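What follows is a short report on a single structure.
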Amino acid sequence: MSYYVDPNTQQMYYQAPAQSQQNATEPAAAAEPKVYAVPQNYAAQQAPPATSTFLGLDAGSATFWKGAVLGAGVALLVTSETVQKAVVKTVSRGMAAASAGVEELKEKFEDAKAEVEAEAAGKK
């Protein structure tokens with residue numbers, strides 16, 4: 001197999017060796033060697049990328065380190081007693097506000113129900 005570069009396009013080509021036996025169905029011109037283009041990034045496609053791994057993970061990846069830092073931050077916050085107290089306070093305030101809102105809705109519903117019953121009684 002021989003390689004050459006086209007000087008106009010800088011495309012690399014290789015020429016397959018000629019077949020010693022011709023197929024009876026192919027014309028005589030087909031016995032000439034065939035020329036194939038080689039992709040420009042052929043070497044990059046063949047070699048696997050060099051990566052460092054940590055426990056089977058790509059330790060050189062930016063997403064690996066973003067996840068590691070984010071996970072460490074979340075673990076620090078979750079184990080902090082101060083953060084736990086703040087979260088519990090916030091949740092209890094939210095539940096109290098929701099409960100008050102539900103009670104207000106119940107009162108408005110009862111008032112509307114009473115008005116409808118009063119109108120129905122007045123029409124009879």
Side-chain angles (χ1 to χ4, degrees):
M1 193 175 335
S2 61
Y3 291 91
Y4 67 93
V5 176
D6 183 358
N8 296 329
T9 63
Q10 298 301 316
Q11 175 70 42
M12 181 184 287
Y13 294 92
Y14 74 92
Q15 187 171 4
Q19 298 292 331
S20 60
Q21 296 178 346
Q22 286 187 11
N23 191 345
T25 60
E26 293 182 15
E32 295 179 16
K34 295 180 181 176
V35 176
Y36 302 95
V38 176
Q40 291 293 330
N41 56 356
Y42 179 74
Q45 290 175 355
Q46 298 303 315
T51 59
S52 59
T53 59
F54 174 72
L55 298 175
L57 301 171
D58 184 9
S61 171
T63 55
F64 171 80
W65 288 109
K66 286 178 189 176
V69 169
L70 182 64
V74 168
L76 183 64
L77 288 176
V78 169
T79 58
S80 170
E81 190 173 330
T82 306
V83 173
Q84 289 175 357
K85 286 181 183 179
V87 168
V88 168
K89 274 186 181 179
T90 303
V91 169
S92 66
R93 286 180 186 161
M95 290 181 69
S99 177
V102 168
E103 292 299 323
E104 184 69 29
L105 280 174
K106 284 181 182 178
E107 288 179 19
K108 286 183 179 180
F109 180 74
E110 291 297 326
D111 290 344
K113 184 179 175 182
E115 286 180 15
V116 169
E117 288 176 356
E119 287 179 9
K123 288 184 180 180
K124 288 184 179 180

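Small disclaimer: the values here were computed from a predicted structure and weren't measured.
Cluster note: Val87 groups with Leu77, Val83, Val91, Met95 through ILVMFWY side-chain heavy atoms spaced under 4.5 Å, whether in direct contact or through intervening members. Through ILVMFWY side-chain contacts below 4.5 Å, Leu76 is grouped with nothing and stands alone. Clustering of Ile, Leu, Val, Met, Phe, Trp and Tyr side chains at separations under 4.5 Å leaves Val116 isolated, with no partner residue.
Annotation: side-chain hydrogen bond (donor to acceptor under 3.5 Å, both in side chains) contacts involving residues 62-82, sequence neighbours excluded, comprise Ser61-Thr63.
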Side-chain donor-acceptor pairs under 3.5 Å in residues 106-115, sequence neighbours left out?
none

